[in-house]
2 protein chains.
Amino acid sequence: MIVNVTFNGEYNPADFPPFAVTTDLVILTVRPPSLEVLLVERAEEPFAGSWALPGGFVGPEQDLSDAAGATLTDKTGIELDTAHLEQLATFGSPARDPRMRVVSVAYLAMVANPPPAAAGRDAAAAEWQPVSSARATTLAFDHADVLEAGVERARAKLEYTTLATSFCAPEFTMAELRTVYETVWGIALDPPNFHRKVLGSAGFVEPTGRTATQAKGRPAKTYRAGPATTLTPPLAR
Amino acid sequence: MIVNVTFNGEYNPADFPPFAVTTDLVILTVRPPSLEVLLVERAEEPFAGSWALPGGFVGPEQDLSDAAGATLTDKTGIELDTAHLEQLATFGSPARDPRMRVVSVAYLAMVANPPPAAAGRDAAAAEWQPVSSARATTLAFDHADVLEAGVERARAKLEYTTLATSFCAPEFTMAELRTVYETVWGIALDPPNFHRKVLGSAGFVEPTGRTATQAKGRPAKTYRAGPATTLTPPLAR
DNA sequence: GAAATAGTGTCTTTGAGACAATATATG
DNA sequence: CATATATTGTCTCAAAGACACTATTTC
């Protein structure tokens with residue numbers, strides 16, 4: 001198939017050869033004791049059989065964030081308004097795709113309790129994998145770099161934003177919220193101090209008035225995400 | 001001029017029509033009492049006569065950061081190794097360029113004591129303008145959004161990185177470094193506390209052993225940037 | 001010496017962290 | 001009641017902020 005594109009005036013094609021633009025997503029979820037990322041097994045070349053981040057081409061009239069959002073809902077089955085989605089960084093090394101110039105705008109998504117992953121049209125399989133496993137795998141393209149950027153962004157943002165709640169169900173206990181931090185950061189936090197810090201951060205969480213029964217021990221009060229988006233002072237790692 | 005591009009297999013052109021990829025730069029410098037940004041006056045359509053951020057097309061085999069670096073040295077006359085340059089965000093709304101689909105990867109640069117701006121090939125003029133003035137101007141494309149993102153990134157990064165030194169000459173006084181913060185943040189800082197905080201942050205600055213004569217008052221010791229890149233704990237705004 | 005700017009000392013307040021103590025559930 | 005988990009209390013320490021004070025220069 002042949003595509004003819006005519007340029008003139010200031011827009012000389014020598015100045016801007018056709019680029020393909022894609023989005024790739026680092027979709028994270030917390031499944032204690034692991035931070036997990038959604039990977040797909042590529043069905044076609046290049047890197048057929050390799051694990052990769054889910055992604056896709058940006059349509060001619062499609063906004064970048066819409067393309068990312070479509071991939072997110074398609075791959076996870078999660079509605080956009082329950083997930084956090086933000087632009088991460090753009091990867092455009094000339095050599096990153098062996099066949100042609102592809103610039104990829106990476107997005108970071110944080111989701112809670114996703115349904116099991118299902119293979120799509122272009123993927124042989126889709127699977128939630130612990131980030132530690134994904135790091136040990138040879139990912140397609142430069143997706144190892146993208147994954148690192150996404151994980152580091154998520155780790156950093158837990159410090160100074162309320163985004164940890166996007167890894168939680170709509171209603172959660174203080175221990176569940178704390179476990180999000182412990183899982184993403186890979187460290188143990190002091191439960192009493194964490195409890196006080198969260199309640200002392202105005203707008204971080206709101207009490208529901210309900211309690212959640214524990215397998216053992218005193219029932220925990222439940223909370224929902226509050227209106228605040230930033231934590232000042234931050235929650236130290 | 002006609003460009004023929006052949007696609008097949010997974011790379012169906014219907015999935016990825018030709019995009020142009022550009023870089024746009026938010027190049028900031030501190031000239032007390034103003035934080036200033038380099039703007040160019042567009043010589044050609046669209047937005048001929050409007051002020052815009054400097055930028056350019058990414059070459060077929062050119063890395064994104066190389067394209068940004070080339071624009072930086074071209075427009076400011078500053079060597080890359082003396083400036084800070086980082087990727088900011090990518091802007092790709094289908095409507096952002098009236099003629100065709102252009103995805104712009106924005107970069108943020110911080111420079112010290114730039115020479116006067118000079119018009120280039122594609123610009124009628126180039127000028128350092130206070131950010132407050134630039135905000136009051138109607139900028140070309142979506143450059144108002146890009147500028148906001150750049151300024152906010154710079155303001156935030158002064159808190160938890162040592163990047164304020166990239167706004168300073170190689171050798172600077174504590175008052176000069178403090179003035180960088182005061183100019184970017186638009187607030188006054190307490191000189192004694194600032195002094196202690198900076199010296200207490202290991203690797204932020206290193207003494208040169210020299211002093212700088214003041215117009216009035218006691219000469220100030222001078223410092224150079226140290227090896228540290230992050231400030232923990234941060235310098236509160 | 002007066003004025004200006006650089007730099008030090010000290011006190012108060014805030015918040016993080018360690019950890020004891022109390023509360024409320026299950027078996 | 002023993003045990004487990006949630007929640008509150010208390011003490012200590014580090015750092016931020018206010019601001020008095022000292023140091024060193026020019027005029």
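Each chain gets a letter, A, B and so on, in the order its sequence line appears, and its residues count up from 1.
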**Q** Heavy-atom distance under 4.5 Å between the side chains of V26(B) and V146(B), does that happen here?
**A** yes
**Q** Is a donor on one side and an acceptor on the other found under 3.5 Å between the side chain of D142(B) and the backbone of D145(B)?
**A** no
**Q** Salt bridge check, R135(B) against E152(B): does any charged N sit closer than 4.0 Å to a carboxylate O?
**A** no
**Q** Under 4.5 Å between any side-chain heavy atoms of V180(A) and F172(A), yes or no?
**A** no
**Q** Residues of residues 152-161 of chain A with any non-hydrogen atom less than 4.0 angstrom from an atom of DNA chain C: list those, numerically ordered, please.
**A** none
**Q** Once the angle between the rings of Y181(B) and W185(B) is folded into 0 to 90°, is it parallel (under 30°), tilted (30 to 60°) or perpendicular (over 60°)?
**A** perpendicular
**Q** Kindly state which residues belonging to residues 172-210 of chain A come within less than 4.0 angstrom of DNA chain C, counting heavy atoms of the residue only, listed by number.
**A** D190(A), P192(A), N193(A), R196(A), K197(A)
**Q** Using nucleotides 21-25 of chain D, report all nitrogen or oxygen pairs with the protein that are shorter than 3.5 Å.
**A**
{"residue": "dA23(D)", "atom": "O4'", "partner": "R218(B)", "partner atom": "NH1", "Å": "3.3"}
{"residue": "dA23(D)", "atom": "N3", "partner": "R218(B)", "partner atom": "NH1", "Å": "3.3"}
{"residue": "dT24(D)", "atom": "O2", "partner": "R218(B)", "partner atom": "N", "Å": "3.3"}

**Q** Report yes if the side chains of W128(A) and I27(A) come closer than 4.5 Å at any heavy-atom pair, otherwise no.
**A** yes
**Q** Can E206(A) and R224(A) be counted as an ion pair, charged N to O under 4.0 angstrom?
**A** yes
**Q** Can you find a pair of side-chain heavy atoms, one from L53(A) and one from V37(A), that are under 4.5 Å apart?
**A** yes
**Q** For residues R237(B) and R155(B), determine if any side-chain heavy atom of one lies less than 4.5 Å from a side-chain heavy atom of the other.
**A** yes
**Q** Taking atom types as modelled, find out whether T222(A) and T208(A) have a side-chain donor-acceptor pair closer than 3.5 angstrom.
**A** yes
**Q** Side-chain contact test, heavy atoms from C-beta onward, threshold under 4.5 Å: evaluate it for T211(B) versus T173(B) and give yes or no.
**A** no
**Q** Does S201(B) use its side chain to pair, donor to acceptor, with the backbone of F204(B) at less than 3.5 Å?
**A** no
**Q** Got a list of side-chain donor-acceptor pairs under 3.5 Å for residues 104-119 of chain A, not counting sequence neighbours?
**A**
{"residue": "S104(A)", "atom": "OG", "partner": "D24(A)", "partner atom": "OD2", "Å": "2.7"}
{"residue": "Y107(A)", "atom": "OH", "partner": "S65(A)", "partner atom": "N", "Å": "3.3"}

**Q** Is any side-chain nitrogen or oxygen of Q214(A) closer than 4.0 Å to OP1 or OP2 of dA6(D)?
**A** yes
**Q** 5' to 3' on DNA chain C, which nucleotides open and close the contacts with chain A (atom under 4.0 Å from a heavy atom)?
**A** dA16(C) to dT26(C)
**Q** Using only atom types and a distance under 3.5 Å, with no angle test, would you say the side chain of S34(B) pairs donor to acceptor with the backbone of V30(B)?
**A** no
**Q** Enumerate the residues from residues 222-235 of chain B whose closest heavy atom to DNA chain C is under 4.0 Å, giving them by residue number; use none for an empty result.
**A** none
**Q** Does S133(B) use its side chain to pair, donor to acceptor, with the backbone of Q129(B) at less than 3.5 Å?
**A** no
